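Take a look at the structure set out below.
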Amino acid sequence: MKKENTTQSAFGMIGLGTMGSNLLQNIADQGYDCAGYDNDTSKVDSLNNLNRDNIHGFSDINEFVKSLKSPKTVMLLVPAGKIVDTVIEELLKVMDQGDIIIDGGNSHFTDTERRYTDLEKKGFHFIGMGVSGGEEGARKGPSMMPGGDKKAYETIKPILEKIAAHVNGEPTVAYMGDRSAGHFVKMVHNGIEYALMQLISETYEVLKNGLHMDNDNIHTIFEKWNEGRLQSYLIEITRDIFAYKKKGTDTLLLDDIKDEAKAKGTGMWTSQAAMDLNLPIPIIDIAVSMRDLSKYKDLRTKAATLYPDSTEMQYHDKNDEHVTKLEHGFYFAMVSAYAQGMHLLYRANEEFNYNLNLDLIAKIWRGGCIIRSEFLEDIYAAYKKDSELKHLFLNDTVQRNLAASLPGIRSVVSNAALHGIATPAFSVALSYFDNFRSEEMPANLIQAQRDFFGSHTYELKGKEGTFHTEWEKPTS
Ligand code: 6PG
C-alpha cells in the first residue's frame with residue numbers, strides 16, 4: 001500500500017498517460033516530490049504502484065491541488081482542444097491567484113493566446129509549453145519550448161532545466177517568448193518533423209523501387225548515413241525499423257504495415273499558419289498533402305491499374321554512385337526543410353511580436369526532440385553569428401554546402417521523374433531553391449493576367465504607382 005503524502009509536492013501533473021507518467025518519474029528522479037492526477041483511476045493506480053516515495057497519485061482534484069506547495073505548479077498533459085479548457089476551468093476552482101498552470105500538450109497557438117490573456121486577467125500565471133521527444137524523451141530528457149509568463153518560467157526553470165536533455169552540458173529548454181510563442185515554436189518543430197519524415201520515406205521509395213534494393217541494404221545505407229552529416233534521431237530510428245524483424249521470422253514488421261499515414265494535425269496547422277502569413281513553406285505543405293494522399297488507398301489502387309508503370313530505372317548497376325547522389329540530395333532537401341521552418345519563425349516573430357531568438361530555438365532543438373540532428377549545430381552557429389539572419393540559405397557555410405549538394409539533388413529529382421518514382425518533397429526542395437535564387441521570377445506574367453481579366457492593376461519596373469491596361473484594345 002502506498003504511503004500517505006505528508007510532504008508538499010513541488011510539481012503537479014494532470015493527465016497520467018505514458019507521457020505524463022514518464023515526465024513525473026523524470027522529475028522525481030531529480031529529487032523533487034511530485035503529484036499526479038487523472039480522472040481514470042486505473043492510471044492513478046499504475047502511478048501509485050510504482051511505489052516511489054516522492055510520487056503521489058490522486059483521483060480527487062481537490063486533494064491533488066492541496067498536496068502542492070505554493071505557488072502551486074500544475075502541468076497539463078491532456079489531448080489538445082476542449083479538454084484543456086475544461087481542465088483549466090476545474091483547476092481555477094481549486095487553485096489560487098498567483099499559481100502557475102502549464103499546458104504541455106500540442107495545443108494550437110491561437111488557443112494558447114486566448115488562454116494566456118484570459119488567465120492573466122484572472123491573476124493566474126500561464127505557460128504554453130511544447131514538449132518534444134515522445135515517451136522516451138519524457139522519461140529521459142525531452143526538449144521543451146515554454147512561452148508565456150516569464151516570471152512563472154523563472155520559478156519553474158530549475159526543475160525544467162534538470163529534467164531536460166542536455167547537449168554539451170546545457171539543457172534543451174529555454175524561454176521561447178511571449179504569450180503563445182512556445183506552442184508556435186513547437187508547431188513549427190512538428191512541421192519540420194513532417195517534412196523530414198516525408199523525405200526519409202521518399203528515400204526509401206527510391207532505394208526500394210528505383211534502385212531495387214532489399215531491406216538489408218536499405219538498413220545498411222541508413223546506418224551509414226547516421227554516422228555522417230545526416231546523423232539525426234529520425235534517420236537513427238529508420239535504421240532500426242529496417243532491422244526490426246517479426247518475432248521468429250526473417251521478415252520485417254515494416255512490410256506488414258499499411259501504407260496509410262495518420263496525422264494529429266500539427267503539420268497541417270503549420271501550413272495553415274504559414275499561408276495566413278503569406279510565407280512559403282512548400283516542403284511542409286507537400287509532406288502534409290502526401291500523408292493525406294496516402295489515405296486514398298482505393299483511388300490509388302484503381303489508378304495503379306489504369307496507369308501501369310511502364311518505366312524501369314535502368315541504372316541499378318551503378319548503385320553506389322546513385323546512393324552518393326541520394327545522400328547529397330537528402331542533405332540539400334533536409335537543409336531546405338529546416339530553412340523553411342526557420343523562415344516561418346522569423347516571419348511569425350515579426351507579425352506576433354513574440355521576441356523569439358532563433359539561435360536559442362536551434363540550440364534547444366539539438367537534443368531531446370524528434371528533429372534533433374547534427375545539422376542543427378550549423379543552424380545554431382548561423383543564427384548565433386547573425387541573430388537577424390533572414391533566411392538560412394544566406395548563411396555562408398550553408399551556402400557552400402548547398403552549392404556542393406546541388407548536382408546531387410538535380411540528379412535524384414530528374415532520374416526519379418524520368419523513371420516514374422514519386423519524390424515530391426525532394427522536387428519541391430529543388431524548385432523552391434531555384435525560385436529562391438531567381439532575381440527574376442515569371443510573376444510579371446501573373447500580374448499581367450490579373451490585370452487582363454480583372455483590372456487588378458500592375459506595377460512597372462522603375463516607375464512609381466499602379467497601372468491598368470485595356471488589354472483587348474489595340475495599342476495603335
Ligand atoms: C514530438 C512529436 C509529437 C507528435 C507526434 C505525432 O515532438 O514529440 O512531434 O508531439 O505528437 O509526432 O504527430 P502526428 O500524429 O501529427 O504525426
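For reference, positions follow the sequence shown, starting with 1. Just follow the structure's listing: the first ligand is 1, and inside any ligand the first atom is 1. Only this structure's heavy atoms are used, side chains among them; waters, hydrogens and symmetry mates stay out. No experiment lies behind these values; they were computed from the predicted model shown.
Within the set Lys264, Arg372, Lys262, the minimum heavy-atom distance to atom 15 (O) of ligand 1 is found for Lys264.
Shown in contact with Ile370 at under 4.0 Å from a heavy atom are these atoms of ligand 1, numbered in order with element: 1 (C), 2 (C), 7 (O), 8 (O). Of all atoms in ligand 1, listed by their number and element, those nearer than 4.0 Å to a heavy atom of His189 are 7 (O).
Not a single heavy atom of Gly267 sits under 4.0 Å from any atom of ligand 1. Distances shorter than 4.0 angstrom occur between a heavy atom of Lys186 and an atom of ligand 1.
Under 4.0 Å from ligand 1, the heavy atoms of Arg291 that appear belong solely to its side chain.
Remark: minimum distance from atom 11 (O) of ligand 1 to any protein heavy atom is reached at Asn106 ND2, 3.2 Å. In terms of protein heavy-atom proximity, atom 16 (O) of ligand 1 is closest to Tyr194 OH, 2.4 Å. Regarding atom 7 (O) of ligand 1, its nearest protein heavy-atom neighbour is Ser132 OG, 2.5 Å. Looking at atom 9 (O) of ligand 1, its nearest protein heavy atom turns out to be Glu193 OE1, 2.6 Å. Looking at atom 8 (O) of ligand 1, its nearest protein heavy atom turns out to be Gly133 N, 3.0 Å.
Ion pair Asp29/Arg52 flagged as a salt bridge, since at least one NZ, NE, NH1 or NH2 atom sits closer than 4.0 Å to an Asp/Glu carboxylate oxygen. Ion pairing between Glu327 and Arg229 holds under the 4.0 Å rule for side-chain N and carboxylate O.
Between Gly134 and ligand 1, an N or O atom pair is found at a separation short of 3.5 Å. Considering backbone and side-chain N/O atoms, Ala263 never comes within less than 3.5 Å of an N/O atom of ligand 1.
Tested against Ile14 for a side-chain contact (heavy atoms from CB on, under 4.5 Å), the candidates Ile61, Ile88, Asp38, Leu77 yield a single pass: Ile61. Between Phe184 and the choices Phe109, Tyr116, Trp269, the ring-ring contact (aromatic ring centres under 6.0 Å, His included) rule is met once, by Phe109.
A 4.5 Å side-chain heavy-atom check between Arg347 and Asn278 finds every atom pair outside the cut-off.
A ring-centre distance under 6.0 Å is not found for Tyr204 and Phe222. Ring pair His391/Phe436: centre-to-centre distance below 6.0 Å.
The CE atom of Met268 sits 8.5 Å away from the CG atom of Asp292 when rounded to the nearest 0.5 Å.
With a 6.0 Å cutoff to the six-membered ring centre and a 45° limit on the axis angle, Arg179 does not count as a cation-pi contact of Phe352.
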